[in-house]
Enquirer: 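There's a structure below that I have some questions on.
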Amino acid sequence: MEQETVIINGTVEEVTFRSSESGFCVLQIESEGEPVTAVGVMPSVVAGELVRLEGIWQVHPSFGRQFKVSGCISEMPSTTAGMYRYLASGVIKGIGESTAQKIIKKFGENAFDVIENEPQRLTQIKGISPNKAEKISEVFVSQKALRNTMSALQEYGMSPAESMRAYRTYGISIERKFYDNPYILCEDEVGMSFERADNIAARLPQKPHEMVRIMAGIKHILRHNLGNGHSCVPRDKIAAPAKSLLECSEDDAEIAVDNLISTEEIVECELGGRAFLFLPGIYRAERTIAQKMRMFCDYPPVGIPVTDELLQFAQSSLNLTFEGKQAQAIRTALEKGLLILTGGPGTGKTTTLKGIIRLMQQQDLKIALSAPTGRAAKRITEITGIEAQTIHRLLGVGYGKGAHAHFEKNEHNQLDIDAIIIDEVSMVDVSIFAALCEAIPVGCRIIMVGDFDQLPPVGAGNILQDIMAWGRIETIKLTEIFRQAMESDIITNSHRIVGGEYPDTASNDNDFFFMYEEDKSLAQSTVADLVTRRLPKAYGFDPMQDIQVLCPSRLGEVGTLQMNIILQSILNPDAPKKKKINRGGYVLREGDKVMQIRNNYDIICESRADRSVVSGVFNGDIGILHAIDFNNGVNATVQVLFDDKLATYPLESCNDLELAYAVTVHKSQGSEFPAVVMPVLGVPKPLQYRNLLYTAVTRAKKIMVLVGSREQLCEMVDNDKKARRFSALKYFLEE
């Protein structure tokens, strides 16, 4: 049963902790003569102030009773004692206890008025120069503005955390901008949903003009479509969802689109005789990729002839043999310098890459290996013996940008490399690929590796397919399955699936298994038993590290939401000494398998390779919740151990973590697991397609188990329709 929200009033005695970044505070207050510890986002609160706090009482497992704040209104102290406590708190640089005492003694109850309106009078106090007096006044006025802004925003239903994000983004002007257009809260930096901003707008004394709302709704529709993979949307497809979402006329939606174009909040571009709409950042990203790719082709690297002797040298030193297309790919990489290498499992991409790298090393080229995810980077490191980095780390992602990345490596400070190999390029979205292109110097060899038949990236765009369709960069597709690979049913069945043939489910004595089950509840139990008992017993797999459940959908009895609850209860049950946090409908415990569900460039991490400090956790990263440190509510943190880094989260950033005993197939892209278990039952119609099944099967390295309906499996193989993605890159490349 949900706990009832209550309100308490009191005086702030001490601020024992404050995060300037998030606004999270721990306060000691006196309320009705009793000491109270209050925790929550309260960025403007200072010792001596009167506060009205809304929240719930909770008992901390280590530190007892606390008041968890969900809303806070503060007032400046009016007594000299309160004023002294405020000034002596250290909130204003240049005023300590001694100076605070002198100010109160000199000006009494008029002290705050003097600081704000007549700061020159502060020079009457020994040690305060005119310059220092002005600075004291500036900080005081800024603190007052923050307090008033926070109070004003919360009055209309914004949480303290949302108010703080808005203030960090827009500064002191946020209040004026908010009243003019509350829908600025939907922008990426604040990240509020359109529906929530709409509810807040309805509470304002004067609602914004309806056209302001419709324009915000149009931008929301474009942002929503980014999440579905579309970098742009046909203009003729905007009016219908706008009419449904906003209850406006199609004419008003068209007027709103024109207004947004004229103010450059969206971009219109004609592609193939049809008008498309973009958000500006994505438009610039696709334009950048096209411009850079044309430049790479116009000014290619200096060719290095690959003689038969050089090929023989690579084969001998690696103890490998290169077949026809493999040798062709190696020659192309060295002689032309630009190559797309694609092919399914078992076709020799790894062997080919090793040959390319060996000859590049022989030519003393500086090589960078990169991949979109930590798991993919770790895998390419293992197969090549050369350290690979995530694209984010290669580019040097910066701090403090929240939803947006800042990279140290860019067009003005490019990578010092002669060649770059980008693995799993099929899952790279347009924003990160644009940043990578800017950082690659002209004349650098570029080898892009991916599987054309896998799912497109989780983010917007269709990089691999669009560049392949352009045709200016030579593409070599490896198709021959080598004898050793043919011994694996995982590999042979994945090729059957991508070729439109049903997988062989009769042979259950190798590495590919099908377990027939038409009942969803029984399928649920079977999946759980396979992960927690049968596969560990038969093969010695660690259920946490080696086995991954992949589900087509989040919903249903065998969707990720339900399977995660069941697997968590078996693999990481509750225990008295195990710390935990509640996260909106589910619990995260120490020892849980978790996934980061959106990019956050603010999280500070320690590299597991060299203990250097790196920043950022990214959509799809999977790790183990290592420790929860409540630390008496002061700077409470959660540590997650990922493959390549140890990330430390402030408690309020943990909403981006989900249980990951089961994840969707889409979220598994770029990863491989020793064993994969996949329910194939009750799959929603929009997800019953071939390349989703193919992607899931190719995630398994040693064991693949399908549990469910043969009929459903066949329906997925039969459906070769790929979800259409609107992308402008192919048009921009051809200009």
Side-chain angles (χ1 to χ4, degrees), residues 227-229 345 373 426-427 451 453-459 490 493-494 496-498 500-503 505 512-531 535 547-568 593 595 597 619-620 622 658-673 675-700 703-725:
N228 292 332
T373 66
S426 58
M427 65 174 293
D451 188 340
D453 295 307
Q454 283 186 21
L455 290 171
V458 175
I490 293 174
N493 277 327
S494 67
R496 290 172 69 90
I497 290 166
V498 84
E501 299 179 55
Y502 302 140
T505 58
F512 185 98
F513 302 89
F514 179 80
M515 301 185 69
Y516 176 83
E517 185 53 74
E518 292 280 1
D519 184 277
K520 293 174 186 174
S521 295
L522 291 177
Q524 185 185 82
S525 301
T526 300
V527 170
D529 191 42
L530 282 163
V531 174
L535 290 177
I547 307 172
Q548 184 61 56
V549 176
L550 300 182
C551 304
S553 172
R554 289 172 60 84
L555 305 177
E557 290 96 324
V558 286
T560 59
L561 296 178
Q562 193 61 36
M563 289 308 310
N564 270 319
I565 292 172
I566 293 168
L567 291 169
Q568 182 194 41
K593 189 175 185 178
M595 172 183 275
I597 60 170
N619 190 0
I622 294 177
E658 286 186 351
L659 293 172
Y661 300 96
V663 302
T664 62
V665 178
H666 283 85
K667 289 285 190 181
S668 73
Q669 289 170 262
S671 298
E672 282 188 346
F673 311 95
V676 169
V677 180
M678 179 182 176
V680 188
L681 191 67
V683 181
K685 280 285 184 187
L687 297 174
Q688 291 182 16
Y689 49 92
R690 186 185 299 172
N691 64 341
L692 185 141
L693 177 63
Y694 172 76
T695 300
V697 171
T698 54
R699 299 308 89 204
I703 296 293
M704 178 74 211
V705 186
L706 298 173
V707 179
S709 158
R710 170 79 183 178
E711 182 182 355
Q712 187 114 101
L713 181 67
C714 294
E715 286 174 355
M716 294 182 77
V717 173
D718 290 339
N719 183 8
D720 192 28
K721 292 180 182 177
K722 296 180 179 179
R724 186 178 181 186
R725 287 197 166 199

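These numbers come from a predicted model, not from an experiment. What's counted below: heavy atoms across the whole structure, side chains too, no hydrogens, waters or symmetry copies.
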Enquirer: So which heavy atom on Thr664 is nearest to which on Ser553, and how close?
Expert: CG2-C, 4.3 Å

Enquirer: Which value, rounded to the nearest 0.5 Å, describes the distance between Lys667 atom NZ and Asn619 atom CG?
Expert: 3.0 Å

Enquirer: Arg690 side chain to Asn719 main-chain N or O, any donor-acceptor pair under 3.5 Å?
Expert: no

Enquirer: Is it true that Arg554 and Glu658 make a salt bridge, defined as a side-chain N closer than 4.0 Å to a carboxylate O?
Expert: yes

Enquirer: Using 0.5 Å steps for rounding, measure from the CD atom of Glu711 to the OH atom of Tyr516.
Expert: 9.0 Å

Enquirer: If you take all heavy atoms of Pro457 and Ser426, which pair is closest and at what distance?
Expert: CD-O, 3.1 Å

Enquirer: Distance from Leu659 atom CG to Gln568 atom CD, nearest 0.5 Å?
Expert: 4.5 Å

Enquirer: Quick check for you: to the nearest 0.5 Å, what is the distance between Thr695 atom OG1 and Asp451 atom CG?
Expert: 7.5 Å

Enquirer: Can any side-chain N or O of Gln548 pair as donor or acceptor with the backbone N or O of Ala660 at less than 3.5 Å?
Expert: yes

Enquirer: Measure across Phe514 and Ser709 and return the closest heavy-atom pair with its distance rounded to 0.1 Å.
Expert: CZ-C, 3.8 Å

Enquirer: Give, for atom CG of Leu706 and atom CD of Glu517, the distance between the pair rounded to the nearest 0.5 Å.
Expert: 14.0 Å

Enquirer: Between Gln688 (side chain) and Val683 (backbone), is there a donor-acceptor pair under 3.5 Å?
Expert: yes

Enquirer: Which pair of heavy atoms, one from Pro503 and one from Phe512, lies closest together, and at what distance?
Expert: CB-CZ, 4.1 Å

Enquirer: State whether the side chain of Arg699 and the backbone N or O of Ser671 hold a donor-acceptor pair below 3.5 Å, judged by distance alone.
Expert: yes

Enquirer: Could you check if a side-chain atom of Pro456 sits within less than 4.5 angstrom of a side-chain atom of Asn691, using non-hydrogen atoms only?
Expert: yes

Enquirer: Got a second to check how far Leu567's CG is from Gln562's CD, nearest 0.5 Å?
Expert: 10.5 Å

